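Below, each value reflects all heavy atoms present in this structure, side chains not excepted, and no hydrogens, waters or symmetry copies. Predicted model only: the values in this text are computed from it and were never measured.
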Amino acid sequence: MPPIDKEMSVNHLVLTVIAPDQPGLVEKVAQCIAAHGGNWLESRMSRMDGQFAGILRVGVPAEAYDELVEALHALSAQNIRVLLAESGIQPSCTWKPILLDLVGNDRPGIVRDITRLLAELGVNLESLATSVAPAPMSSEPLFHAEAVLAVPLSLSLEVLQSKLETLADDLMVELRLRTEA
């Protein structure tokens with residue numbers, strides 16, 4: 001059974017939407033949600049290489065939940081794939097948000113190596129955005145990553161900084177951490 005907010009009798013869903021990019025795509029998903037009394041709560045969306053992908057969190061009245069789920073699946077007839085997951089229970093806050101900014105010459109394995117170290121330290125990725133673009137002077141491919149890290153309260157920032165700096169030296173990238181303001 002989906003998680004229900006007892007006070008308002010609202011269920012929460014997390015949706016992943018993937019489709020060939022086209023005008024009106026988000027409107028179709030938004031219309032489907034609104035038609036079933038759903039409330040669009042938060043989202044991250046992007047177009048990449050001709051494809052559109054997004055993840056969003058939706059609140060829906062408990063009595064409209066099943067109909068909304070059915071309607072979202074029916075969007076596949078319009079070449080819009082929707083993957084649904086019930087929203088999880090938010091744990092009490094046992095972490096601090098830290099912003100990570102990384103820049104360096106592009107090469108395979110940067111994301112793998114950074115995320116492996118973060119996982120070993122018990123750090124979760126709240127968000128991650130990456131890109132590769134030509135460097136201003138040399139036009140060499142430059143990798144850039146921005147992330148919000150959920151750092152356990154038990155992990156000191158000094159230890160995290162030290163371990164990331166050691167890896168950054170190995171990867172030959174510049175890395176900066178700062179607390180979220």
Side-chain angles (χ1 to χ4, degrees), residues 2-5 8 10-91 95 97-116 118-119 123-136 139-150 173 175-176 180:
I4 298 175
D5 180 336
M8 294 183 251
V10 174
N11 293 355
H12 292 100
L13 288 169
V14 175
L15 316 176
T16 302
V17 178
I18 301 171
D21 189 38
Q22 59 181 294
L25 179 61
V26 174
E27 188 275 334
K28 289 175 186 174
V29 175
Q31 177 59 35
C32 181
I33 292 165
H36 294 86
N39 186 16
W40 187 297
L41 299 170
E42 63 181 308
S43 62
R44 307 290 182 277
M45 301 186 161
S46 187
R47 183 186 62 79
M48 201 174 286
D49 204 23
Q51 293 292 312
F52 172 86
I55 186 167
L56 58 142
R57 186 170 61 96
V58 174
V60 61
E63 61 275 5
Y65 179 88
D66 291 334
E67 289 177 11
L68 174 58
V69 167
E70 188 175 314
L72 288 166
H73 285 302
L75 289 173
S76 64
Q78 298 176 52
N79 207 19
I80 302 171
R81 291 175 288 163
V82 179
L83 178 64
L84 303 166
E86 295 173 1
S87 180
I89 304 297
Q90 291 292 327
W95 55 273
I98 301 295
L99 304 174
L100 175 139
D101 191 37
L102 179 141
V103 177
N105 290 330
D106 185 40
R107 69 163 190 75
I110 294 174
V111 172
R112 177 202 60 216
D113 294 346
I114 294 288
T115 56
R116 178 186 304 138
L118 293 173
V123 175
N124 195 29
L125 278 175
E126 291 291 301
S127 67
L128 173 66
T130 65
S131 63
V132 175
S139 294
E140 292 292 320
L142 200 59
F143 178 81
H144 182 232
E146 293 179 346
V148 176
L149 308 178
V173 297
L175 186 134
R176 192 173 54 137
E180 190 168 45

What's the separation between atom [atom1] in [X] and atom [atom2] in [Y], rounded to the nearest 0.5 Å?
| X | Y | atom1 | atom2 | result |
| --- | --- | --- | --- | --- |
| I114 | T130 | CD1 | OG1 | 12.5 Å |
| S46 | F52 | OG | CZ | 8.0 Å |
| H144 | D106 | NE2 | CG | 13.0 Å |

Could you give me the CA-CA distance, side-chain angles and deciding distance for L13 and L68, then say whether side-chain contact (heavy atoms from CB on, under 4.5 Å) is met?
CA-CA 10 Å; L13 288 169; L68 174 58; 4.3 Å; yes
Heavy-atom neighbours of R47 CZ exceed 12 at 6.0 Å
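Open.
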D101: what forms a salt bridge (Lys or Arg N to Asp or Glu O under 4.0 Å) with it, not counting sequence neighbours?
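Once residues adjacent in sequence are excluded, the partners of D101 under the salt bridge (Lys or Arg N to Asp or Glu O under 4.0 Å) criterion are R176.
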Search all heavy atoms of G59 against all heavy atoms of L41 and return the closest pair with its distance.
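Minimum heavy-atom separation between G59 and L41: N-CD1, 3.5 Å.
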Looking at A147 and L128, what are the two nearest heavy atoms and their distance?
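Between these two residues, the closest heavy atoms are CB-CD1, 4.0 Å.
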Show me the pairs that pass side-chain hydrogen bond (donor to acceptor under 3.5 Å, both in side chains) and involve residues 67-84, at least two apart or across chains.
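Of all non-adjacent pairs touching residues 67-84, none passes side-chain hydrogen bond (donor to acceptor under 3.5 Å, both in side chains).
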Stepwise side-chain contact (heavy atoms from CB on, under 4.5 Å) test for V132 and L142:
CA-CA 5 Å; V132 175; L142 200 59; over 6 Å; no
L56 vs M45, side-chain contact (heavy atoms from CB on, under 4.5 Å): CA-CA, chis, key distance, verdict:
CA-CA 8 Å; L56 58 142; M45 301 186 161; 3.6 Å; yes
Not counting sequence neighbours, which residues clear side-chain hydrogen bond (donor to acceptor under 3.5 Å, both in side chains) with E42? List them please.
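Testing E42 for side-chain hydrogen bond (donor to acceptor under 3.5 Å, both in side chains), a comparison that skips the adjacent residues, returns R57.
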Can you name the residues that form a side-chain hydrogen bond (donor to acceptor under 3.5 Å, both in side chains) with S43, not counting sequence neighbours?
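Scan of S43 (side-chain hydrogen bond (donor to acceptor under 3.5 Å, both in side chains), adjacent residues dropped) gives W40.
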Does the pair E146 and L99 meet the rule for a side-chain contact (heavy atoms from CB on, under 4.5 Å), with working shown?
CA-CA 7 Å; E146 293 179 346; L99 304 174; over 6 Å; no
Do L102 and I110 come within less than 4.5 Å of each other through their side chains, counting heavy atoms only?
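The answer is yes, as the side chains (C-beta and beyond) meet within the 4.5 Å cut-off.
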If you define the side chain from C-beta out and look only at heavy atoms, does anything of L72 sit under 4.5 Å from L75?
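Heavy-atom side-chain distance check passes, below 4.5 Å.
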May I have the list of side-chain donor-acceptor pairs in residues 20-38 shorter than 3.5 Å, sequence neighbours left out?
{"residue": "H36", "atom": "ND1", "partner": "C32", "partner atom": "O", "Å": "2.9"}

Side chain to side chain contact (heavy atoms under 4.5 Å, CB included) against [X], all qualifying residues, sequence neighbours excluded:
| X | answer |
| --- | --- |
| A150 | W95, N124, E126 |
| T115 | V111, L125 |
| L83 | T16 |

